[in-house]
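See below for the structure under consideration.
The figures that follow rest on heavy atoms only: side chains count, while hydrogens, waters and symmetry mates do not.
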Amino acid sequence: MFIIAFDFGMKNIGVAIGQFYTKTASPIISLNAKKGVPNWMDIKKIIDIWLIKKAVIGYPYNLNNDGKYKLITYYIDKFAFCLMNKFNLKIFFSDERFTSCAARNFMNSNLNFYNSFYSSYNIHAISAVFILERWLKSNF
C-alpha cells in the first residue's frame with residue numbers, strides 16, 4: 001500500500017510516494033501552484049495511478065516569536081481540507097522543520113547522482129521524501 005506526501009509551498013508543492021512496508025519514499029514531482037493552489041487534476045492523476053488513500057503533509061510546528069502559528073499554516077490547513085474533500089483521503093501531518101535543509105544537503109552531497117537520476121526533480125520533491133520518511137518511521 002502506498003502513501004503520498006506533500007511539501008506545501010505557495011509557488012511549488014513537492015510530491016513523494018512511499019510505502020508502509022519499507023518505510024521509504026521516492027520523489028515524484030514538484031507541482032506549480034498559484035498562491036498555494038495546485039492544478040487539482042495533476043494531483044488526481046497521481047492519486048489514481050498509485051491508488052492513494054492516505055496523505056502526509058509537511059507542517060511547520062514551530063511558532064513565530066510572538067507565539068502564534070505562521071501564516072503558511074492557514075494555507076496548509078486549506079490545502080489539507082481540499083485534499084480530504086476532493087479525493088476522500090485520510091490526512092496526516094508531519095513536522096517539516098529542516099526538511100528543506102536536509103534536501104539541499106542531500107542534493108549537494110549526491111550531485112552526480114542527482115544530476116543523472118533526479119534531473120527532473122527539485123528540492124520540493126526531495127523535501128517531500130524527508131517529510132514522508134520521518135512520518136513513516138515515527139508512526140509505523
Within this structure, what is the [atom1]-[atom2] distance for the pair [X] and [Y], rounded to the nearest 0.5 Å?
X      : Y     : atom1 : atom2 : answer
Asn88  : Leu83 : CG    : CG    : 11.5 Å
His124 : Asp7  : NE2   : CG    : 7.0 Å
Lys54  : Lys90 : NZ    : NZ    : 6.0 Å
Gln19  : Trp50 : CD    : CH2   : 8.5 Å
Cys82  : Asp77 : SG    : CG    : 11.0 Å
Asp42  : Asn32 : CG    : CG    : 9.0 Å

- Query: Yes or no on side-chain contact (heavy atoms from CB on, under 4.5 Å) for Ile57 and Ile131, after CA distance, side-chain angles and deciding distance?
  - Reply: CA-CA 8 Å; Ile57 303 170; Ile131 288 166; over 6 Å; no

- Parallel, tilted or perpendicular: which describes the rings of Trp135 and Phe92, with under 30° parallel and over 60° perpendicular? tilted

- Query: For the residue pair Trp40 and Phe87, does the interplanar ring angle fall in the parallel (under 30°), tilted (30 to 60°) or perpendicular (over 60°) class?
  - Reply: tilted

Using a 4.5 Å cut-off on heavy atoms from C-beta on, say whether the side chain of [Y] contacts that of [X].
X      : Y     : value
Pro38  : Phe79 : yes
Ser30  : Val15 : no
Met84  : Leu89 : no
Ile76  : Phe93 : yes
Ser26  : Ile17 : no
Leu31  : Asn12 : no
Leu132 : Ser94 : no

- Please report the shortest heavy-atom distance between Ala16 and Ala125, naming the atom on each side. CB-O, 4.2 Å

- Correct closest heavy-atom pair for Ile13 and Gly36 would be CD1-O, 4.1 Å

- Query: Does a sphere of radius 6.0 Å around CG in Asp48 hold more than 12 heavy atoms from other residues, nucleotides or ligands, not counting ones at 6.0 Å or beyond?
  - Reply: yes

- For the hydrophobic clusters of this structure (ILVMFWY residues joined by side-chain heavy atoms under 4.5 Å, transitively), does one cluster hold both Val129 and Leu136? no

- Verify the cluster assignment for Phe2 and Leu51: are they in a single hydrophobic cluster under the rule of side-chain heavy atoms below 4.5 Å apart? no

- What about the rings of Tyr75 and Phe8, do their centers lie closer together than 6.0 Å? no

